Amino acid sequence: MRLGLTEQYLIATRQTYHQGLTFDQPVRLQFDLETTALSPDEGRIFLIAVRDNRGLETLLEARQAAQEGAMIEAFLELVQARNPDVIENHFIHGFDLPFLTARARTLGIPVRLGRAGDGVPWTIDDGSRTPLWACPGREILDTLDAVRRLPLPSAGLKAVARHYGLAPDDRVYLEGAEIVQTYRDNPGAVRRYALQDVQEVDALARIVLAPSFALARLTPRPYSRLTRAGPAKGVLEPMLIRAYYEAGRPFPASEQGPQDPHRGGHVQLHAEGVLNHVVKADVASMYPSIIRADGIGPRQDDLGSFNRIVSDLTTQRLEHKRQARNAALPEAERREAHAMQDAMKLIVNAAYGYLGAGRLARLGDRGAADQVTARGRALLQQVTGALEASGVQLIESDTDGVYFSTREPIGEPAERALIAAVSATLPDGITLEFDGRAQAMLSHQIKNYALLRYDGTLDVSGASFESSRSERYGMTFLRTALMAVLHGDVPGVQAVFLDVMHQLATRAYTNADVGTRVRIGKTREAYALTRGKRKEAHLEAAWQAGLAFKVGDRLDLYVRVGQGLTVMTGPEGHDYDVKHYQAALVQNYATRLRKALDPADWDQLFGGRGPGLFDRPVHDMHVRWRPVADQDSTAAERRLL
DNA sequence: GGTGACCGGGG
DNA sequence: GTGTACGGTCACC
């Protein structure tokens, strides 16, 4: 087993980071380099923006190459003078620190960045593609590391800042390649740009680094390691090791022997189609609650530290949750409490996964993990059984939660009362909670559904409705049609379908409405070499258009009448292939409505036949739902198929 | 057509 | 269900 020196020191001295410290009590310094190239071999630094949370905000500049060394020295002196505890930037590990140290080495400048010794930063190979940088006495935090764990479309600073509403109205946006020229023509723009970068990093850090800052109070690891640490191996296991160290006992060896694949949660579709008066209920923190209620832990854990950690954190978390909700407390205190309860949640949720993990988890125990999931399946059956006995129609149950329809409108208080009544039948320490409601639900497949909320908004979930195909005309159709279906309005579905088909036929849409955007993965020159051997549809389109494309370029493509896939030169044009897009509307979008209608009705509406002798009047059609035959399976079993 | 590697991010 | 991610793209067979 390998534990870093800092981790060993923290355990041996019974310390963790940040005891009694709030996020802005440490001195936090942000710096950002502007360079003439992405590689320190090909370019140099010409500007450094620096700020800290004690009021510093400044720029260092080297207009001529000869001034770069003096600027770097001034920067290092500034860092020593401000004496930060934490140094932050976006991609600091992958860009700013490698670039700065490489330039300093070339210029013969010692990089005194840290507090002790020679202060020179070094890299730690943590197995990832970008090594970590560390320097004595200061924590180096990369907001990119924290952002990468979040489900955001882009992890870039500008995009993430906009996502969180942190970008100022007068934000300067410059393409990387144009920064040098802009600096010559309009240095003020680059100065504003660089200052806004460090300001955004500061604001972003407060949001995305807060979870790691809170975790550092709980586990004996340095703050700077926690943005990359996995919750099980990286956070929970050091706590287990600490428990054994403090008891003066050796840390148990991992379990050997055959490990049967174990069953996961129970998943079942009970009904498909459109149902009204929908309620969602779930078992609160199900797996941690089971671990605590049943006293489950790995059998090699003689000290019972696993169960005690989960139990203690669960108890403490309730207190922090209470504080986070306490309106009498100051805002800052409530935010801290919220961050702490989130950190505790992360650890207790990792506990079950750690049990079921393979040999790398020293206190993993497949048998104990099986106990947890078996109990979870039994609990879910108990919940669905009790709900069914109360007369509701089940729709979908998954691991720890269930959607059901009350059939008749009974109102939210009665819905909550129903859930509370079922909860009262569950064992001590296990509670069923109300988790939302909707006027209607289109149940399409397991984990694929659309909800019409009571405020009229549409929530969709699952790949069927959030597909990466996203032609504007198709997504507009799907949203409108889902709304109609959820309102039980079949004529409305037909109306929007006929409308979109008509708009296509009359070329009322623009090419931009039907086209898609793709990213290019090679240059024109590179494609020229392989084109003879193998054609790639979207590159071929760019080739035919005579474009000088390169990696990362975005291309708008559409199917042009008589030409196939083509680069969109006129987004406002109307020369798209009508037949192609009409077929795509049925194939890619209307099929998502199948479960809402009788098959014959679906065929009549979307089948492409003209009006027929045996057609039903659309006004006689209704949305429908039907129970699904019991074909239950578990997550683990489905994975084996 | 399936599979493995490579990438994001930064100027 | 751990370990840095995780989904998309491309080269190669």
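What you see is a predicted model, and the numbers here were worked out from it, not measured in a lab. Just so we're on the same page: letters track the sequence lines, and every chain starts at 1.
- Closest to the side chain of A/Tyr193, out of B/dG11, B/dG9, C/dT2, is B/dG11.
- One atom, CZ of A/Phe46, and another, C1' of B/dG11, lie 8 Å apart when rounded to the nearest Å.
- Within the nucleic acid shown, A/Gly43 has no heavy atom closer than 4.0 Å to any nucleic acid atom.
- Computed from coordinates, the A/Tyr352 OH to C/dT2 C1' distance equals 13 Å when rounded to whole Å.
- Closest contact between the side chain of A/Thr130 and the listed nucleotides B/dG9, C/dG3, B/dG10 involves B/dG9.
- Closest contact between the side chain of A/Leu38 and the listed nucleotides C/dG3, B/dG11, C/dA5 involves B/dG11.
- Nucleotide B/dG10 holds its P atom 11 Å from the CG atom of A/Leu204, rounded to whole Å.
- If you take OH of A/Tyr354 and P of C/dG3, they are 10 Å apart, rounded to a whole angstrom.
- Exactly one of A/Lys233, A/Arg228, A/Arg225 qualifies for a salt bridge (charged side-chain N to carboxylate O under 4.0 Å, His left out) with A/Asp126. That residue is A/Arg228.
- Here the CG-CZ distance, from A/Leu78 to A/Phe75, works out to 7.5 Å after rounding to the nearest 0.5 Å.
- Proximity of A/Ser154 to the phosphate of B/dG9: a side-chain N or O atom is located under 4.0 Å from OP1 or OP2.
- Rounded to a whole Å, the CG atom of A/Leu33 is 9 Å from the P atom of B/dG11.
- Taking atom P on both nucleotides, C/dC10 is separated from B/dG9 by 16 Å, rounded to a whole Å.
- Rounded to a whole Å, the CG atom of A/Asn349 is 12 Å from the P atom of C/dT2.
- Taking every side-chain heavy atom of A/Asp32 into account, B/dG11 is the closest of C/dT2, B/dG11, B/dG9.
- Screening A/Leu47, A/Ile48, A/Val190, A/Val198 for a side-chain contact (heavy atoms from CB on, under 4.5 Å) with A/Leu59, the sole residue that qualifies is A/Leu47.
- No side-chain N or O of A/Tyr183 forms a donor-acceptor pair with one of A/Glu34 less than 3.5 Å apart.
- In this structure a side-chain-to-backbone donor-acceptor pair under 3.5 Å is present from A/Asn448 to A/Ile446.
- Contacts of A/Ile92 with the nucleic acid, taken as non-hydrogen atoms under 4.0 Å apart, are absent.
- Distances from the side chain of A/Ala232 to the nucleotides B/dG9, B/dG11, C/dG3 place C/dG3 closest.
- One N or O donor and one acceptor, one from the side chain of A/Arg129 and one from the base of B/dG8, sit under 3.5 Å apart.
- Residue contacts shown for A/Leu157 are limited to sugar-phosphate atoms, with no base heavy atom under 4.0 Å away.
- Taking atom P in both C/dG1 and C/dG7, the straight-line distance is 14 Å, to the nearest Å.
- Rounded to whole angstrom, the span from the CD1 atom of A/Ile45 across to the P atom of B/dG10 amounts to 17 Å.
- Among the nucleotides C/dG1, B/dG11, C/dT2, the one closest to any side-chain atom of A/Tyr287 is C/dG1.
- A/Arg228 comes within contact range of at least one nucleobase, with a heavy-atom separation under 4.0 Å.
- Within the nucleic acid shown, A/Asp142 has no heavy atom closer than 4.0 Å to any nucleic acid atom.
- If you measure from atom CD1 of A/Ile179 to atom C1' of B/dG10, you get 10 Å, rounded to the nearest angstrom.
- The separation of B/dG8 from C/dA5, taken at their C1' atoms, amounts to 11 Å, rounded to a whole angstrom.
- Side-chain atoms of A/Asp142 come within 3.5 Å of backbone atoms of A/Ile92 as a donor-acceptor pair (strictly under, hydrogens ignored).
- If you check every strand for non-hydrogen atoms under 4.0 Å, A/Asp145 touches a base.
- A/Ala229 comes within contact range of no nucleotide atom at all, as no heavy-atom separation falls under 4.0 Å.
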